Amino acid sequence: MDFLMSAIDMVLHVDRHLVEFAVTYGLWIYGLLFLIIFLETGVVVTPFLPGDSLLFAVGALAAVGVLDVVTALGLLTAAAIIGDNTNYWIGRTVGPRVFTEHSRLLKREHLLRTQRFYAKHGGKTVVLARFVPIVRTFAPFVAGVGRMHYPRFLAFDVGGGILWVWSFGLLGYFFGNQPVVKENFGLAIVAVIVISLLPVAFEAWRQRYRAGS
């Protein structure tokens, strides 16, 4: 029960806890944010980590003075680019054999969905996938499996990383500067997180519906 109450408190007062973390651990908050974005983009078993919502929240936190917006978004851009590169080389090294129908961590349907995305959009997938949960995590891996020409992949990776991080981060920064948001910051961030999870929830429901039909 204590754990449940702590979890509820964390969700309802996410702004306060992030502020407390920043005050207590100082610059380590940048390291934590870097790690989350790196894992979300660089490791195929962690597509569930926050991406869009985290970038938006970082921008909003910077607007109220918790973080430095240029430092935070610069580091997270580096994390996104390094993460995609890591994922690419993992895919190029291990290939599709790590995906099986019975794997709980590496879902074959995620791989197939990303391959369809590539078939439709080609190399631009590396950029467009930045804005699509789950596909974002698998796109660089599939590029590595398919042995996309590395300089071409790198160009898409860098451009997409900059566009993704700074668009969501600056949108959050603008959002956080609004008076009504500053007065209700905790609820606003929770709403952003919930809304950002809706596409993932819808996709999970759609896949389950297809499997059952």
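Residue indices begin at 1 and follow the sequence shown. Everything numeric in this text was worked out from a predicted model, so none of it was measured.
- Taking CG of Leu55 as the start and CH2 of Trp166 as the end, the distance is 11.5 Å to the nearest 0.5 Å.
- No donor-acceptor pair under 3.5 Å is formed between the side chain of Thr71 and the backbone N or O of Asp68.
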Next item on the list: Could you please spell out the steps behind the side chain to side chain contact (heavy atoms under 4.5 Å, CB included) verdict for Phe131 and Leu163?
Entry: CA-CA 10 Å; Phe131 301 88; Leu163 181 63; 3.9 Å; yes
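- Placement of Val94 and Val145 within a single hydrophobic cluster is found when ILVMFWY residues are connected by side-chain heavy-atom separations under 4.5 Å, directly or transitively.
- Comment: Asp157 engages Arg130 in a salt bridge, judged by a side-chain N to carboxylate O separation of less than 4.0 angstrom.
- A pairwise comparison of heavy atoms in Asn85 and Phe153 identifies CA-CE2, 4.3 Å as the closest pair.
- Atom CG of Asn87 sits about 7.0 Å away from atom CZ of Phe141, to the nearest 0.5 Å.
- The hydrophobic clustering, which links ILVMFWY residues whose side-chain heavy atoms are closer than 4.5 Å, places Val70 and Phe174 apart.
- The line from CH2 of Trp164 to CG of Leu128 is 14.0 Å long, rounded to the nearest 0.5 Å.
- Leu32 and Leu61 end up in the same hydrophobic cluster when Ile, Leu, Val, Met, Phe, Trp and Tyr side chains are linked at under 4.5 Å.
- Aromatic rings of Phe56 and Phe168 (six-membered ring for Trp) have centroids beyond the 6.0 Å cut-off, not under it.
- Note: Leu75 CG to Tyr30 OH = 8.0 Å, rounded to the nearest 0.5 Å.
- Considering all non-hydrogen atoms of both residues, Val58 and Ala72 come closest at CG1-CB, 3.7 Å.
- Here the CD1 atom belonging to Ile36 is positioned 11.5 Å from the OG1 atom belonging to Thr41, to the nearest 0.5 angstrom.
- Of the possible donor and acceptor atoms, one in the side chain of Tyr88 sits under 3.5 Å from a partner among the backbone N and O of Met148.
- Note that the CD1 atom of Ile81 and the CD1 atom of Ile162 stand 5.0 Å from one another [nearest 0.5 Å].
- Residues Arg136 and Asp84 are not paired through a salt bridge, judged by the lack of any N-O separation under 4.0 Å between the basic side chain and the carboxylate.
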